[in-house]
Amino acid sequence: MGATTLYKAPRGTADILPAEQRHWHYVEERAVALARRHGYQRIDTPVFEVAGLFVRTVGQETDIVQKEMYTFEDRGGEEMTLRPEGTAPVCRAYLEHGMHNLPQPVRLYYFCPVFRYERPQSGRYRQHHQFGVEALGDADPAVDAEVIGMAWGLMQDLGLRDLSLLVNSIGDSACRPAYLDRLREYYAPRLEALCPDCRARHQRNPLRLLDCKRESCQPYALEAPRSADHLCPECQEHWQSLLGHLEILGIPYRQDHRLVRGLDYYTRTVFEVHPQEEGGQSTICGGGRYDGLIQELGGPPTPGIGFATGMERMVLNLQRQGVAVPAEAPRPIAIAHMGPAGQREAIRLARRLRSAGLTVVVTPAARSLKAQMRHASAMGAAVTLILGEEEIRKAEVTLRDMDAGRQESVPVEGLEARLAECTPRPQ
RNA sequence: GUGAGCGUGGCCCAGUGGUUAAGGCGCCUGGCUGUGGCCCAGGUGAUCGAGGGUUCGAAUCCCUCCGCUCACCCCA
């Protein structure tokens with residue numbers, strides 16, 4: 001990739017090459033199957049939205065809004081933003097299409113690219129892909145448990161090991177303000193000892209002091225007042241009920257009172273899944289409840305909860321853990337041929353076999369049979385059909401089993417059935 | 001936005017001042033006329049990230065820029 005390459009994929013974006021597709025399809029397949037088993041339906045929203053949608057819901061103070069959004073003015077002079085997260089658009093769609101008239105909760109899943117202007121590093125991109133689910137219109141803690149169970153279940157289905165599930169409750173508009181005051185009070189006499197970032201956040205966003213990763217700030221965060229200890233009765237009941245459901249489901253959660261989240265719309269339940277070994281961008285999955293979001297968008301008070309997972313991070317962990325994933329494509333049947341007549345027949349035969357559902361590749365023309373065989377072998381062909389003068393005259397093909405190294409003459413008539421017998425197995 | 005490391009053919013990489021930049025993988029061809037995977041031989045392919053400077057002479061030293069990677073911030 002020298003200067004000879006005129007264009008490159010933009011920084012922080014990546015081509016997903018054929019060699020990696022098997023992992024992607026594996027994850028997508030399992031995720032979709034999981035969502036369907038739980039009665040979730042797919043929704044696709046536009047790649048860009050009016051900027052205000054995100055500013056309003058994600059929060060003016062968040063990093064996403066302050067420095068990470070791809071916002072541009074379209075030709076009509078409107079401020080548009082490339083989707084930096086998946087929840088707000090889904091809620092917008094819920095409202096726009098009157099989904100509150102459907103049986104509640106409305107269960108939706110999505111699979112989409114999201115964009116954030118950040119410095120890329122391992123497991124972090126400017127364009128990445130998320131699979132997520134949202135359950136809208138039901139405040140029952142059982143729904144929280146369902147969604148958390150799905151997040152955890154997906155990881156199990158994928159075969160990922162050594163993950164931890166962290167949960168916390170950060171209260172709601174009734175109890176959080178008082179808790180935030182308690183936090184500020186607690187931190188006020190300790191400001192001197194904190195890092196500059198934390199000092200700056202003390203007034204604006206004290207919750208974030210809790211998840212500061214600086215060694216020197218850790219001890220204070222550990223001993224800080226816990227949100228779960230300062231919940232109003234309703235939130236407390238919700239929280240206890242959720243924990244009860246998680247116990248019943250046998251989901252191995254860990255309470256982490258330092259778990260907050262970077263988006264403002266979360267209420268009550270928040271959770272994350274990450275690999276046990278820390279370091280780098282570890283969060284595979286994050287989510288929580290957002291009971292005020294739809295109201296914030298001008299809709300009726302409507303509770304909601306969901307999560308999003310990063311495709312790239314799941315794939316990364318699959319590869320790190322060496323999880324075996326099924327082959328992407330079946331092994332092809334190759335057709336080698338000689339002479340102009342041979343090529344004509346090869347192309348015709350290929351079309352016929354394909355319409356019977358077989359995977360067929362015609363070997364490159366203008367090469368010796370030797371070269372064509374070499375090519376067939378390199379393509380991973382399970383079977384090679386050879387078509388030359390002789391075969392055409394007799395209305396036969398030479399069928400060579402590439403693994404066994406044996407071949408025989410068979411009539412073209414009824415070839416499909418014969419080929420179906422030697423079903424090409426995955427590589 | 002901050003910090004560190006690195007940039008040699010499609011990929012992995014040798015070469016740290018001196019003849020036409022070495023090797024491996026890959027790709028293509030051939031090893032007698034229609035046969036692969038091993039082996040052998042040959043071929044394709046690099047303005048050594050870009051620009052400037054030092055020097056008789058630089059891929060090798062210096063500067064600037066660009067890019068990549070990793071980490072911080074934060075998130076999936």
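Reminder, nothing fancy here: chain letters follow the sequence lines and each chain counts from 1.
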Query raised in the report: Would you say the side chain of A:Arg400 and the base of B:G36 hold a donor-acceptor pair, judged only by whether the two atoms sit under 3.5 Å apart?
Result: yes

Report summary line: Among the nucleotides B:G34, B:G36, B:C74, whichever has the atom closest to the side chain of A:Glu389 is B:G34

Query raised in the report: On a whole-Å scale, what distance lies between the C1' atoms belonging to B:A58 and B:G15?
Result: 13 Å

Query - Complementary nucleotide of B:A58, counting Watson-Crick and G-U pairs under 3.5 Å - result: none

**Report entry** Any donor-acceptor pair under 3.5 Å from A:Asp172 side chain to A:Cys175 backbone
**Finding:** yes

**Report entry** Minimum side-chain heavy-atom gap A:Arg92-A:Pro46 below 4.5 Å
**Finding:** yes

**Report entry** Assigned partner base of B:C74, Watson-Crick or wobble definition, under 3.5 Å
**Finding:** none

Report summary line: From the candidates B:C72, B:G30, B:A76, the one with an atom nearest any side-chain atom of A:Gln121 is B:C72

Query raised in the report: Quick one: which of B:C72, B:A76, B:C68 gets closest to the side chain of A:Tyr125?
Result: B:A76

Report summary line: pair_partner(B:U35), Watson-Crick or wobble, both distances < 3.5 Å, evaluates to none

Query raised in the report: Quick one: on RNA chain B, does A:Arg261 or A:Arg374 contact a more 5' nucleotide (nearest heavy atom)?
Result: A:Arg374

Query - Interatomic distance, A:Lys370 NZ vs B:G42 P [rounded to whole Å] - result: 16 Å

Query raised in the report: Which nucleotide in the set B:A76, B:U35, B:C74 lies at the smallest distance from any side-chain heavy atom of A:Met373?
Result: B:U35

Report task. Identify which nucleotide among B:G34, B:C72, B:G30 has an atom closest to any side-chain atom of A:Ser368, counting heavy atoms from C-beta outward. Result -> B:G30

Query raised in the report: Now, which nucleotide makes the Watson-Crick or G-U wobble pair with B:C6, with each of the two distances under 3.5 Å?
Result: B:G67

Query raised in the report: Using the P atom in both, what is the distance from B:C40 to B:A59, to the nearest Å?
Result: 34 Å

Report summary line: Taking for A:Gly12 and for A:Gln130 the nucleotide of RNA chain B with the nearest heavy atom, the one nearer the 5' end belongs to A:Gly12

Report task. State whether the distance check finds a donor on one side and an acceptor on the other, under 3.5 Å, for side chain A:Glu118 versus base B:G1. Result -> no

Query - Span that lies between the P atom of B:C11 and that of B:U54, in whole angstrom - result: 34 Å

Report task. Using the P atom as the reference point in each nucleotide, state the distance between B:A22 and B:U69 in Å, no decimals. Result -> 29 Å

Query raised in the report: Taking A:Ile333 as the fixed residue, which of A:Leu385, A:Thr359, A:Val362 is the one that meets the side chain to side chain contact (heavy atoms under 4.5 Å, CB included) rule?
Result: A:Leu385

Report task. Consider the side chain of A:Gln407, meaning its heavy atoms from C-beta on, and name the nucleotide among B:A71, B:U35, B:C68 that approaches it most closely. Result -> B:U35

**Report entry** B:A76 base stacked by A:His128 (centroids within less than 5.5 Å, tilt under 30°)
**Finding:** yes

Report summary line: Ranking B:G67, B:A71, B:C68 by distance to the side chain of A:Ser122, first place goes to B:A71

**Report entry** SB check A:Arg393 A:Glu390 (cutoff 4.0 Å)
**Finding:** no

Requested in this report: Please measure how far the P atom in B:U35 lies from the corresponding atom in B:U19, and state the result in whole Å.
Outcome: 47 Å

Requested in this report: Return the nearest nucleotide to the side chain of A:Arg367; candidates are B:C68, B:A76, B:C28.
Outcome: B:C28

Requested in this report: Taking atom P in both B:G18 and B:C66, compute the distance separating them and give it to the nearest angstrom.
Outcome: 31 Å

Query raised in the report: Does the B:U35 base have a donor-acceptor partner in the side chain of A:Gln372 within less than 3.5 Å?
Result: no

Report task. Identify whether the distance between the nearest side-chain nitrogen and carboxylate oxygen of A:Asp63 and A:Arg208 falls below 4.0 Å. Result -> no

**Report entry** Span that lies between the C1' atom of B:G45 and that of B:C12, in whole angstrom
**Finding:** 16 Å

**Report entry** Complementary nucleotide of B:A41, counting Watson-Crick and G-U pairs under 3.5 Å
**Finding:** B:U29

Query raised in the report: Is the distance from OP1 or OP2 of B:G67 to the nearest side-chain N or O of A:Arg11 less than 4.0 Å?
Result: no

Query raised in the report: Does A:Ile148 reach the side chain of A:Phe307, with side-chain heavy atoms less than 4.5 Å apart?
Result: no

Query raised in the report: Heavy-atom distance under 4.5 Å between the side chains of A:Arg331 and A:Met379, does that happen here?
Result: no

Query - Span that lies between the C1' atom of B:G23 and that of B:G37, in whole angstrom - result: 24 Å

